Engineer: 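Pasting a structure below so you can have a look.
Keep in mind it's a predicted model, so treat the numbers as computed, not measured. Note that ligands are numbered from 1 as they come in the structure, with each ligand's atoms numbered from 1 the same way.
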Amino acid sequence: MSEGAFGFPSRLPGLLGIRYPILQGGMSWASSSAALPLAVARAGGLGVIAAGPMRTEALIAAIREVKAGTEAPFAVNVPLYNKRSAEFLDIVEAERVPVLICSQGGPKAHLPRFRAYGAKWLHVVASEAHAIKAEAAGVDGLIVVGGDAGGHPAPDEVSAMVLVRAVARKVAIPVIAAGGIADGAGIAAVFALGAEGAQLGTRFLMTREATVHEAYKQRVLEAGIADTTLVGRGGLPVRQIRNRFSAEVDAAERAGQPKEALDALYASRSLKLAAFDGDVDWGKVEAGQSAGLIGEILPAAEVMKRLVAEAEATRRRLLGLPEQAAA
Ligand SMILES: Cc1cc2nc3c(=O)[nH]c(=O)nc-3n(C[C@H](O)[C@H](O)[C@H](O)COP(=O)(O)O)c2cc1C
């Protein structure tokens with residue numbers, strides 16, 4: 001097929017200045033450096049630096065490294081509940097980062113100063129109500145995360161298939177679907193639901209550039225589609241690969257332990273333990289159900305190339321068009 005053909009209509013390339021409406025999900029640790037976002041930006045997608053666990057100097061350095069490596073736009077992901085979110089926002093503004101992706105908090109108070117230098121604001125939502133509220137606040141687009149996603153999925157566990165459709169029916173701004181998308185067929189599927197872009201987390205976790213421990217990548221690679229579970233139901237749950245830690249949480253829940261004990265248990269282990277220290281038995285090995293659809297670790301540029309080609313091949317199949325010869 002011809003290099004880069006992508007026949008799905010989307011306002012995102014025009015809005016954000018990217019070539020393809022494909023986003024690499026901001027992933028704490030995995031994209032908390034320049035490597036993965038830079039590779040994705042160079043390949044025509046939106047690369048996203050996850051500020052969450054970063055020291056401020058490291059965030060500044062990563063932003064500058066991406067800028068030095070490409071003319072293409074990129075984003076920084078700031079969870080607004082993070083106690084350092086104000087510092088992160090100041091850095092994003094000072095560095096004139098072109099796209100800001102925020103979650104877990106209201107955008108309204110922050111929007112004007114980013115608008116002032118022309119930044120675009122994409123807001124991460126996991127319910128219809130938050131989607132409507134964020135649109136009313138004036139954000140440029142919504143990243144709609146379903147219950148199948150890795151990291152923090154929709155707490156009420158509504159799948160992307162249902163939530164993306166519900167939100168697309170209700171809002172006028174571009175919707176980007178997240179959760180359970182691993183290949184071009186998944187991208188084509190969310191366009192059918194009314195999305196204008198796809199955000200993939202777990203797929204980009206399985207790249208050479210993702211900065212997590214090799215043991216983490218291997219554990220995700222070996223996982224099947226039913227090997228993840230939600231840990232921390234009733235609060236801000238994470239979807240992770242089942243391991244000794246998740247089994248301990250399950251047992252505590254079944255035993256009817258009080259909420260304080262469950263909260264303490266949940267907080268006793270971290271993503272860092274798995275992603276940085278490589279303890280995949282006791283750390284939170286965050287990944288989505290789509291882990292079971294991914295069979296290899298590739299360079300991010302190769303992932304981007306395949307996603308674009310697969311999406312286009314799917315579109316042609318659905319339209320009954322002949323396959324295109326390889327370029
Ligand atoms: C290891 C990991 C860490 C994540 N960290 C963040 C984060 O810091 N901020 C955020 O908004 N989303 C985070 N996410 C969610 C992703 O950005 C994305 O929405 C999600 O992975 C999409 O679902 P998928 O994994 O099924 O593709 C994380 C996901 C994973 C797998």
Engineer: Run the salt-bridge test on Asp140 and Arg115 with the 4.0 Å N-O cut-off and return the result as yes or no.
Structural biologist: yes
Engineer: Using a 4.0 Å heavy-atom cut-off, say whether Ser290 meets ligand 1 through its side chain, its backbone, both or neither.
Structural biologist: side chain
Engineer: So which heavy atom in the protein is nearest atom 26 (O) of ligand 1, and how far is it from that ligand atom?
Structural biologist: Gly180 N, 2.8 Å
Engineer: Please state which protein non-hydrogen atom is closest to atom 27 (O) of ligand 1 and give its distance, to 0.1 Å?
Structural biologist: Gly201 N, 2.8 Å
Engineer: What residues form a side chain to side chain donor-acceptor pair (under 3.5 Å) with Glu209, not counting sequence neighbours?
Structural biologist: none
Engineer: Go through ligand 1 atom by atom and flag the ones less than 4.0 Å from a non-hydrogen atom of Gly179.
Structural biologist: 22 (C), 23 (O), 26 (O)
Engineer: Mark up the atoms of ligand 1 that fall under 4.0 Å of a heavy atom belonging to Leu200, in ascending order.
Structural biologist: 27 (O)
Engineer: For atom 14 (N) of ligand 1, what is the closest protein heavy atom, and at what distance to 0.1 Å?
Structural biologist: Gly26 O, 3.3 Å
Engineer: So which heavy atom in the protein is nearest atom 23 (O) of ligand 1, and how far is it from that ligand atom?
Structural biologist: Ala149 CB, 3.2 Å
Engineer: Which residue holds the protein heavy atom closest to atom 31 (C) of ligand 1, what is that atom called, and what is the gap in Å?
Structural biologist: Glu286 O, 3.6 Å
Engineer: Would you please say whether a donor-acceptor pair under 3.5 Å links the side chains of Arg42 and Thr70?
Structural biologist: no
Engineer: Give me the nearest non-hydrogen protein atom to atom 5 (N) of ligand 1 as residue plus atom name, then the distance to 0.1 Å.
Structural biologist: Ser28 N, 3.0 Å
Engineer: Does Val99 share a hydrophobic cluster with Val76, counting links as ILVMFWY side-chain heavy atoms below 4.5 Å and allowing steps through other members?
Structural biologist: no
Engineer: Considering only non-hydrogen protein atoms, determine which one is nearest to atom 30 (C) of ligand 1 and report residue, atom name and distance to 0.1 Å.
Structural biologist: Met27 CG, 3.7 Å
Engineer: Any atoms of ligand 1 less than 4.0 Å from a non-hydrogen atom of Gly25? List them with their elements.
Structural biologist: 17 (O)
Engineer: Is it the side chain (CB and beyond), the backbone, both or neither of Thr202 that lies under 4.0 Å from ligand 1, heavy atoms counted?
Structural biologist: both
Engineer: Can you list everything that forms a side chain to side chain donor-acceptor pair (under 3.5 Å) with Glu128? Sequence neighbours excluded, please.
Structural biologist: Lys170
Engineer: Counting non-hydrogen protein atoms only, what is the nearest one to atom 18 (C) of ligand 1? Give residue, atom name and distance.
Structural biologist: Gln199 NE2, 3.5 Å
Engineer: Is the contact between Tyr216 and ligand 1 made by the side chain, the backbone, both, or neither, using heavy atoms and a 4.0 Å cut-off?
Structural biologist: side chain
Engineer: Between Arg219 and Asp281, is the closest basic N to carboxylate O distance under 4.0 Å?
Structural biologist: yes
Engineer: Considering only NZ, NE, NH1 and NH2 on the basic side and carboxylate oxygens on the acidic side, decide whether Arg64 and Glu95 come within less than 4.0 Å.
Structural biologist: yes
Engineer: Output yes when the distance from some N or O of ligand 1 to some N or O of His152 is under 3.5 Å, and no in every other case.
Structural biologist: no
Engineer: Taking only Lys NZ, Arg NE, NH1 and NH2, and the carboxylate oxygens of Asp or Glu, determine whether Glu302 and Arg306 approach each other closer than 4.0 Å.
Structural biologist: yes
Engineer: Quick one: does Gly52 get a heavy atom under 4.0 Å from ligand 1?
Structural biologist: no
Engineer: Would a single hydrophobic cluster contain both Leu111 and Ile91, if residues Ile, Leu, Val, Met, Phe, Trp and Tyr are joined by side-chain heavy-atom contacts under 4.5 Å?
Structural biologist: yes
Engineer: More than 12 heavy atoms of other residues, nucleotides or ligands under 6.0 Å from CZ of Arg169: is that the case?
Structural biologist: no
